[in-house]
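The structure displayed is predicted, hence computed values, not measured ones. If you read the sequence from its start, that first residue is 1, and numbering goes on from there.
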Amino acid sequence: MRAAPTILHLDMDAFFAAAEQAAKPSLRGKPVVVGGLGPRGVVATASYEARRFGVHSAMPMAQARRLAPNAAYLVPRFSLYRSVSDQVMALLARLSPLVEPLSLDEAFVDLEAGGAAYDSATAREAGERLRRDILGTTGLTGSVGLAGSKMLAKIASEEAKPDGLVLIEPGTERELLGPKSVRVLPGVGPATGELLRRAGMTTVADLAEAGEDELVRLLGRAHGAALARMALGHDDRPVVAERDAKSVSVEDTFDTDLHDRVRIRIEVERLADRCVERLRASGHSGRTIVLKVRRYDFSTLTRSETLRGPTDAPAVVREAAARLLEAVDTTGGVRLLGVGVSGLADYTQEDLFAQAADELEPAEGASAQAVEEGLTAEPEAAAAPAERHWPAGRDVRHAVYGPGWVQGSGVGRVTVRFEEPGSPPGRVRTFLVDDPDLEPSDPLPLVPPAG
């Protein structure tokens with residue numbers, strides 16, 4: 001623990017959805033949901049307007065549509081998100097040489113290492129300046145947490161959301177943490193939280209009072225000891241610059257054991273989709289698919305399969321994870337499932353499409369665009385190009401009307417709203433899907449370059 005709050009945690013606010021609202025003036029202030037639009041798609045990010053309806057990340061897209069039927073549902077545009085992320089990370093690099101990115105929209109910064117702060121006043125000044133610079137450079141907002149440790153800085157940024165700054169003064173950690181739910185601490189998921197609840201521990205203060213010996217008895221040596229330290233506000237992890245990711249994974253612990261084999265497969269496929277979202281957000285693809293299964297008796301099995309080449313295609317990862325599941329005995333029940341991808345490589349769009357097409361086989365009739373969206377169309381559906389070539393949210397340019405984005409498509413027609421980041425809400429026009437004057441285009445910058 002540091003004596004000054006010189007560790008900063010930045011978390012951009014509803015990043016993907018906020019970027020779409022900034023790019024599309026007609027969507028500002030309205031519910032926006034970004035994610036896979038196919039039948040097995042999941043929500044990547046929901047705007048704050050959509051969250052009021054109960055929509056959240058990792059939710060099945062079908063459920064999101066039921067909760068917020070009038071929201072705008074858009075495919076992710078990772079080239080735009082990476083571009084904005086590069087701008088944000090460049091601003092962080094001005095503050096310190098020690099910047100630890102966690103994802104496209106989240107990072108830790110050691111302000112002391114860069115001479116940007118040495119006490120509470122200078123830390124707050126650096127944080128506020130960063131928020132202003134991010135808004136001016138990208139047009140987006142970010143929330144900042146400042147504290148003497150990484151754990152507390154992340155908790156502070158969560159409290160600051162949206163578009164705020166929270167500074168936790170060293171020495172106040174136990175007072176701040178005490179009344180909070182045990183779920184606020186890293187590593188306390190639904191299963192651990194329920195185990196602690198049954199033991200009469202629902203707040204961080206309860207954990208601190210119980211002490212290390214009791215937590216070790218309940219959770220085991222490593223987890224119990226770590227949780228005891230965190231409950232007292234202790235976290236000595238340093239900010240590590242240029243951390244190389246070796247794998248990307250997601251996992252879920254279930255409140256009750258899963259026994260139905262069909263349900264287990266559905267959960268594995270859902271986790272595979274979430275894993276691909278993180279993989280793409282990190283700008284990587286991977287060769288090795290890993291399945292993790294923790295059974296009813298706490299025994300844990302891992303199975304892996306190495307592909308011929310790197311991929312980030314949802315259909316490929318789903319099918320590989322499903323094949324691995326077939327080799328696992330789930331008799332008696334499953335309490336945790338996880339899907340991961342390792343053997344990471346830099347993202348290469350053309351190679352990924354080739355890998356996906358090879359895995360799916362031509363007979364299935366899935367185009368490159370369908371593969372990207374995680375769809376495996378039947379041969380008859382392959383003849384209907386509208387949804388495949390003009391997914392909602394995609395950038396386009398018309399020879400007469402200029403830049404715009406796809407608002408919807410179907411029955412041989414595509415509807416486009418012609419507007420750009422700095423314009424008023426634009427007009428809507430409809431064209432045939434094969435209109436020669438309409439073509440896909442690259443995203444426009446959210447804030448025009450100076451000069």
Checklist entry - What pair of heavy atoms forms the shortest contact from Met12 to Lys161, and how long is it? => result O-NZ, 3.3 Å
Checklist entry - Does the side chain of Leu337 come within less than 4.5 Å of Val293's, by heavy atoms? => result yes
Item to check | Rounded distance (nearest 0.5 Å) linking atom OG1 of Thr6 with atom CG of Leu95 | outcome: 12.0 Å
Checklist entry - Looking only at heavy atoms, which two atoms of Pro97 and Ala241 are closest? And how far apart? => result O-CB, 3.7 Å
Next on the checklist: I'd like to know whether Gln87 forms a side-chain contact (heavy atoms from CB on, under 4.5 Å) with Val84, so could you lay out the CA-CA distance, the side-chain angles of the two residues, the decisive distance to 0.1 Å, and finally the verdict.
Outcome noted: CA-CA 5 Å; Gln87 292 177 304; Val84 176; 4.3 Å; yes
Item to check | Value rounded to 0.5 Å, distance of CG in Leu152 from CE in Met230 | outcome: 11.0 Å
Next on the checklist: Test your reading of the model: is there a side-chain donor-acceptor pair from Ser409 to the backbone of Trp390, 3.5 Å cut-off?
Outcome noted: yes
Checklist entry - Does the side chain of Ser57 come under 3.5 Å of the side chain of Thr45 through a donor N or O and an acceptor N or O? => result no
Checklist entry - Parallel, tilted or perpendicular for Phe16 and Phe78, by the 30°/60° rule? => result perpendicular
Next on the checklist: What I'd like to find out is whether the side chain of Leu74 reaches to under 4.5 Å of the side chain of Val33, using heavy atoms alone.
Outcome noted: no
Next on the checklist: Can you pull out every side-chain hydrogen bond (donor to acceptor under 3.5 Å, both in side chains) where at least one residue sits in residues 225-239? Sequence neighbours excluded, please.
Outcome noted: Arg229-Asp236, Asp235-Arg237
Next on the checklist: Quick one, Pro170 and Arg2 - any side-chain contact, counting heavy atoms below 4.5 Å?
Outcome noted: no
Item to check | Pair Leu8-Val144, side-chain contact (heavy atoms from CB on, under 4.5 Å): steps then yes or no | outcome: CA-CA 7 Å; Leu8 179 150; Val144 167; 3.8 Å; yes
Item to check | Side-chain heavy atoms of Pro421 within contact of Pro445, under 4.5 Å | outcome: no
Checklist outcome for this item: Applying salt bridge (charged side-chain N to carboxylate O under 4.0 Å, His left out) to Arg94 and not counting sequence neighbours gives none
Item to check | Expected output: side-chain Tyr73 to main-chain Met61 donor-acceptor under 3.5 Å | outcome: no
Item to check | Polar contact flag, side-chain donor to acceptor under 3.5 angstrom, Asp13-Thr141 | outcome: yes
Item to check | For the student: nearest non-hydrogen atoms of Leu167 and Ser120, plus distance | outcome: CD1-O, 3.6 Å
Item to check | From Leu291 atom CG to Leu271 atom CG, the distance as rounded to the nearest 0.5 Å | outcome: 9.0 Å
Next on the checklist: Main chain of Asp206, side chain of Thr203: is a donor-acceptor contact present, judged purely on distance under 3.5 Å?
Outcome noted: yes
Next on the checklist: Tell me if a side-chain donor or acceptor on Glu419 pairs with a main-chain N or O of Gly426 at a distance below 3.5 Å.
Outcome noted: yes
Item to check | Shortest non-hydrogen contact from Leu177 toward Gly233 | outcome: CD1-CA, 3.8 Å
Checklist entry - How about Glu194: does its CD atom have over 12 heavy atoms from other parts shown lying under 6.0 Å from it? => result yes
Checklist entry - Does Ser85 use its side chain to pair, donor to acceptor, with the backbone of Leu104 at less than 3.5 Å? => result yes
Checklist outcome for this item: Separation between CG (Leu195) and NE2 (His223), nearest 0.5 Å, reads 9.5 Å
Item to check | Side-chain donor-acceptor pair present, Asp395, Ser441, cut-off under 3.5 Å | outcome: no
Checklist entry - Take atom CD in Glu128; do more than 12 heavy atoms of anything else shown fall under 6.0 Å from it? => result yes
Checklist entry - Are side-chain heavy atoms of Thr138 and Leu91 found at a separation under 4.5 Å? => result no
Checklist entry - What is the minimum heavy-atom distance between Leu279 and Ser285, and which atoms define it? => result CD2-CA, 4.0 Å
Checklist entry - Sub-3.5 Å donor-acceptor pair from the side chain of Arg183 to the main-chain atoms of Val188, do we have one? => result yes
Checklist outcome for this item: Per side chain to side chain donor-acceptor pair (under 3.5 Å), Gln21 is matched among Glu49, Arg28, Lys30 by Glu49
Checklist entry - Is there side-chain contact between Met151 and Ile7, with heavy atoms separated by less than 4.5 Å? => result no
Next on the checklist: Assess whether a salt bridge exists between Glu267 and Arg263, defined as any Lys/Arg side-chain N lying under 4.0 Å from an Asp/Glu carboxylate O.
Outcome noted: yes
Checklist entry - Lys292 versus Thr300: any side-chain heavy-atom pair under 4.5 Å? => result yes
Next on the checklist: For Trp405 and Arg417: C-alpha separation, side-chain torsions, deciding distance, then whether side-chain contact (heavy atoms from CB on, under 4.5 Å) applies.
Outcome noted: CA-CA 6 Å; Trp405 58 278; Arg417 185 179 289 273; 3.9 Å; yes
Checklist outcome for this item: Rounded to the nearest 0.5 angstrom, the OG-CD distance for Ser96 and Glu112 is 9.5 Å
Checklist entry - Which is it for Lys154 and Asp11 under the salt bridge (Lys or Arg N to Asp or Glu O under 4.0 Å) test, yes or no, and what are the steps along the way? => result CA-CA 8 Å; Lys154 186 173 176 64; Asp11 196 356; 5.2 Å; no
Next on the checklist: Checking the side chain of Glu173 only, and the main-chain atoms of Gly171 only, is there a donor and an acceptor separated by less than 3.5 Å?
Outcome noted: yes
Checklist entry - Donor-acceptor pair, Glu305 side chain versus Ile289 backbone, under 3.5 Å? => result no
Next on the checklist: Quick check on Arg221: does its CZ atom have over 12 non-hydrogen neighbours (other residues, nucleotides or ligands) under 6.0 Å away?
Outcome noted: no
Next on the checklist: Distance check, rounded to the nearest 0.5 Å: Leu135 atom CG versus Leu140 atom CG?
Outcome noted: 8.0 Å
Checklist entry - Between Ala231 and Ala208, what is the shortest heavy-atom contact and its length? => result CB-N, 3.9 Å
Checklist entry - Do you see a donor-acceptor pair shorter than 3.5 Å between the side chains of Arg197 and Thr202? => result no
Next on the checklist: Checking side-chain polar atoms at under 3.5 Å, does Ser83 have a donor or acceptor matched by the opposite partner on Asp86?
Outcome noted: no
Checklist entry - Can you check salt bridge (Lys or Arg N to Asp or Glu O under 4.0 Å) on Glu214 and Arg217, steps first, answer last? => result CA-CA 5 Å; Glu214 177 63 13; Arg217 185 187 69 79; 2.7 Å; yes
Checklist entry - Taking only residues two or more places apart in sequence, or in another chain, which ones meet Phe15 in a ring-ring contact (aromatic ring centres under 6.0 Å, His included)? => result none
Checklist entry - Do Leu196 and Leu227 have side chains that get closer than 4.5 Å, going by heavy atoms? => result yes
Checklist entry - Hey, which of Lys150, Glu158, Glu106 is the one that makes side chain to side chain donor-acceptor pair (under 3.5 Å) with His9? => result Glu106
Item to check | Audit row: Val334, Val328, side-chain contact (heavy atoms from CB on, under 4.5 Å) steps and yes/no | outcome: CA-CA 11 Å; Val334 169; Val328 175; over 6 Å; no
Checklist entry - Can you check whether Ala322's main-chain N or O pairs, donor with acceptor, with Arg265's side chain at less than 3.5 Å? => result no
Next on the checklist: Strictly distance-based, threshold 3.5 Å: is any side-chain N or O of Glu420 a donor or acceptor partner for the main-chain N or O of Pro403?
Outcome noted: no
